[in-house]
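Right, one structure below, let's go through it.
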Number of protein chains: 2
Amino acid sequence: MERRPTIVDVARQAGVSKGLVSLALNDRPGVNQATKERIQAAAAEIGWRPNPAARSLTSRRAYALGLVVKRDPRIIETDPFFAAFIAGLETVLSDRGQVLVLSVVPDAGAEERSYRSLAADGRVDGFILTDLLRHDRRIALLAELGVRGVTLGEPDVPTTLPAVRREYEDGIDDLVRYLAGLGHERIAHVAGNEDMLHGRARREQFERVAAALGIEARVVPTDFSPEQGADATRTLLALDPGVRPTAIVYGNDPMAVAGMAVAQGAGLRIPDDLSVTGLDGSQIGQFVYPALTTLDNDPVEWGRVVASTLLDLVDGHEPVDRSLTPARLIVRGSTGAPTPRH
Amino acid sequence: MERRPTIVDVARQAGVSKGLVSLALNDRPGVNQATKERIQAAAAEIGWRPNPAARSLTSRRAYALGLVVKRDPRIIETDPFFAAFIAGLETVLSDRGQVLVLSVVPDAGAEERSYRSLAADGRVDGFILTDLLRHDRRIALLAELGVRGVTLGEPDVPTTLPAVRREYEDGIDDLVRYLAGLGHERIAHVAGNEDMLHGRARREQFERVAAALGIEARVVPTDFSPEQGADATRTLLALDPGVRPTAIVYGNDPMAVAGMAVAQGAGLRIPDDLSVTGLDGSQIGQFVYPALTTLDNDPVEWGRVVASTLLDLVDGHEPVDRSLTPARLIVRGSTGAPTPRH
DNA sequence: TTGAAAGCGATACCAT
DNA sequence: ATGGTATCGCTTTCAA
């Protein structure tokens, strides 16, 4: 087993001191251009790579980013966002010699412990905050811990963390107008968790557009789980024909899929008897019957932008917010004109 | 900002040398019981925690486990296994002061680079190998890198890595017998990737049982993606009525869901016109209509057992294989007796 | 059983 | 611009 070359080996190879090697390899000023190149060549020749543990000890950086995901065990399997999101993070991280430390926890207690120990042990340089809540305590927690972070979406509390945003307003507007244009006059929204900022924002936008269009809107709150999506659907379908919605907009695609199953189980044809949409495009929607009308989404792009935003911050750049391309309507087979009742 | 207590602070607090503190806190022999307790008390009192970077530098351990997931971007979103699996890993890791380093990569090239750099930089103490392939090159790769690992399932190449296994034989046997008992005489299997060990093993077992029962079995290979599950379904449904299967066993649940959608889109009723099953229970199967008959699965348990197996190995214990509770049949609404054709 | 001192592999400061 | 040396926090000899 070869011993791994260290900075001393590079120094010997290049005929300089190891301090100079450190300066050269980190692109610090004050190194003669020629010797710098000689050092870089020497490092490349013997295949030197910095030892992260040693580097961490002096630089107090972990060369790692943390992602703590809190998921109720009941809905953990059905969230289609994360795998692709993490793949997106990875492209940026590996380019910059960083790794992702991932923690999946069941509740808020374990979540806070996870943030605290990861930060206290210096295992990450910053956190990626997904699924923002109302008055999310993690914003203050990160401030208390003195650690950096980036949020997916804009918190509703004062923050110094940069945010990566995506506009859903126009997409939801287009979606509801499209349904109205088909002739739907009673549209329900099976909303996501009201404590989650994006669930709430979507519900508000839905209501705003519905009001503007003079549509009879009904909102059923859920926790984003397919179970509650199914329950909400049963509730809505049990309404009297005169008030029962002819279209349902679900807060996410897994709920929409579950809702479609309930409707079909009750003997309804989609979209003839009921139109159904998601709000947060995932691949599963393409493979149910009929395929799901929804808004598009690009988790890989989310990952890329989030990672580079946070790494820039860690590298000492000023925090800067970024915006992704706005959500756009994708029409598939699950929506159509309502069939007049007879 | 408080400076974090170091081992020197503990030593001063306990009135001993820092070397002795290290021995005591790591439960090494040769420390007086009374002083050991005094040291432990001192450490607890000032809230000392070991600095992983410093520890890694001398112990050459990362206090981290690595999971590299290779996923075709096309099927990345639909795999329901990982979130719960990682939650299971986490319970064990956090108890033992370890973290999970996760990498999601699109292809074999990126995968190998990921293993190499994680190992070379000493960022992990061992790897978790999921989705074993035939003649999986990762087994040799880990040997070459001199790094530990654990496999989910048994490789088909010589290995020194411990394996965590789960028996599917009896479950598949029960499933096919159950279908045969309902009166199905032509059963198809939409198999998973033949290059994946578990996909192949399930296909073989399906054929074995079908042969034993004298059933007309037909196998369509896929890559485990919902698209190909849907395609395979179209192929099967296009067969002449006399040879067309009355039941389809899919290699995983997402394919079964996609297949159901195709069948329903073709105007078939499930289970009256076609029975459908998965083979690897996931939650999504409970929320489609009709709910999916499948085999059960417990990704959290997989995670717990895999993590403790690998950590024991890293801690110097002998590698020891572990077995989970065997797969069991779960009957739901997607299967029933075939309707005689008229 | 305990203390003193030498590393681990890098960074950073102070000379020169 | 470069070399020498202390330092990060911990583990591990080697003496005593």
Side-chain angles (χ1 to χ4, degrees), chain A residues 1-40 42-43 46-64 97-98 120-123 125 315-316, chain B residues 1-40 42-43 46-64 97 120-123 125 314-316:
Chain A
M1 196 67 71
E2 287 291 325
R3 190 181 58 81
R4 195 162 184 235
T6 78
I7 200 171
V8 185
D9 300 315
V10 178
R12 190 179 320 113
Q13 177 81 10
V16 295
S17 76
K18 66 174 184 160
L20 197 55
V21 172
S22 179
L23 293 183
L25 261 16
N26 287 301
D27 267 323
R28 297 295 237 289
V31 181
N32 182 295
Q33 184 60 28
T35 42
K36 180 175 188 168
E37 280 164 16
R38 185 156 45 89
I39 290 171
Q40 286 167 339
I46 66 178
W48 176 85
R49 304 179 53 155
N51 177 325
R55 230 138 91 96
S56 292
L57 191 55
T58 46
S59 69
R60 297 179 172 290
R61 283 197 39 180
Y63 306 97
Q98 318 273 320
D121 293 345
R123 303 206 72 144
D125 298 318
D315 281 345
Chain B
M1 193 68 70
E2 286 293 323
R3 191 181 58 82
R4 194 164 186 231
T6 77
I7 201 171
V8 184
D9 299 316
V10 179
R12 189 181 319 112
Q13 178 81 10
V16 296
S17 74
K18 65 172 184 161
L20 195 56
V21 172
S22 177
L23 293 183
L25 261 16
N26 287 303
D27 268 323
R28 297 299 236 289
V31 181
N32 182 295
Q33 183 61 27
T35 42
K36 180 177 192 168
E37 280 163 16
R38 187 156 44 90
I39 290 171
Q40 286 167 339
I46 67 178
W48 176 84
R49 303 178 52 153
N51 176 325
R55 230 138 90 97
S56 294
L57 192 53
T58 46
S59 68
R60 295 176 175 292
R61 282 195 42 179
Y63 306 97
D121 293 344
R123 302 205 72 142
D125 298 318
V314 169
D315 281 344

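Only a predicted model underlies this, so the values are computations on that prediction, with no experimental measurement involved. Chain letters run A, B, ... following the sequence lines, proteins first, then strands; residues in each count from 1.
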Touch check for A:Arg49, heavy atoms < 4.0 angstrom, all strands: base, sugar-phosphate only, or nothing? sugar-phosphate
What is the distance, rounded to the nearest whole Å, between atom CZ of A:Arg12 and atom P of D:dG3? 14 Å
Base, sugar-phosphate, or nothing for A:Ser56, non-hydrogen atoms under 4.0 angstrom? nothing
What contact category does B:Val21 fall into here, base, sugar-phosphate, or nothing, at under 4.0 angstrom with non-hydrogen atoms? nothing
Under 3.5 Å between N/O atoms: give me all the protein pairs with nucleotides 12-16 of chain D, atom names plus distance.
residue, atom, partner, partner atom, Å
D:dT12, OP2, B:Arg28, NH2, 2.7

Determine, stepwise, if the pair B:Lys36 / B:Asp27 fulfils salt bridge (charged side-chain N to carboxylate O under 4.0 Å, His left out). CA-CA 9 Å; B:Lys36 180 177 192 168; B:Asp27 268 323; 2.9 Å; yes
Using the salt bridge (charged side-chain N to carboxylate O under 4.0 Å, His left out) criterion, which residues pair with B:Arg49? Sequence neighbours excluded. A:Asp121
A:Pro5 and A:Trp48 have their tightest heavy-atom pair at O-CD1, 3.2 Å
To the nearest 0.5 angstrom, please state how far the CZ atom of A:Arg12 sits from the CD1 atom of A:Ile46. 8.5 Å
Passes salt bridge (charged side-chain N to carboxylate O under 4.0 Å, His left out), A:Arg61 versus A:Asp315? Steps please. CA-CA 10 Å; A:Arg61 283 197 39 180; A:Asp315 281 345; 3.1 Å; yes
Establish, from distance only, whether the side-chain atoms of B:Arg38 and B:Asn32 form a donor-acceptor pair under 3.5 Å. no
Are B:Leu23 and B:Lys18 side-chain neighbours, meaning at least one heavy-atom pair lies under 4.5 Å? no
Measure from CZ on A:Arg38 to C1' on D:dA1 and round the result to the nearest Å. 12 Å
Rounded to whole angstrom units, what separation is found between the CZ atom of B:Arg4 and the P atom of D:dC8? 15 Å
Can A:Asp9 and A:Arg3 be counted as an ion pair, charged N to O under 4.0 angstrom? yes
Round to a whole Å and report the spacing from CD1 of B:Ile39 to P of D:dT11. 12 Å
Phosphate OP1/OP2 of D:dC8: any A:Arg55 side-chain N/O under 4.0 Å: no
Could you tell me the separation between the CG atom of A:Leu25 and the CD1 atom of A:Ile39, rounded to the nearest 0.5 Å? 7.5 Å
Under 4.0 Å from any heavy atom of chain B: name the first and the last nucleotide of DNA chain C that qualifies, 5' to 3'. C:dT1 to C:dG9
Determine the contact category for A:Val16: base if any of its heavy atoms lies under 4.0 Å from a base atom, sugar-phosphate if only primed atoms, P, OP1 or OP2 are that close, otherwise nothing. sugar-phosphate
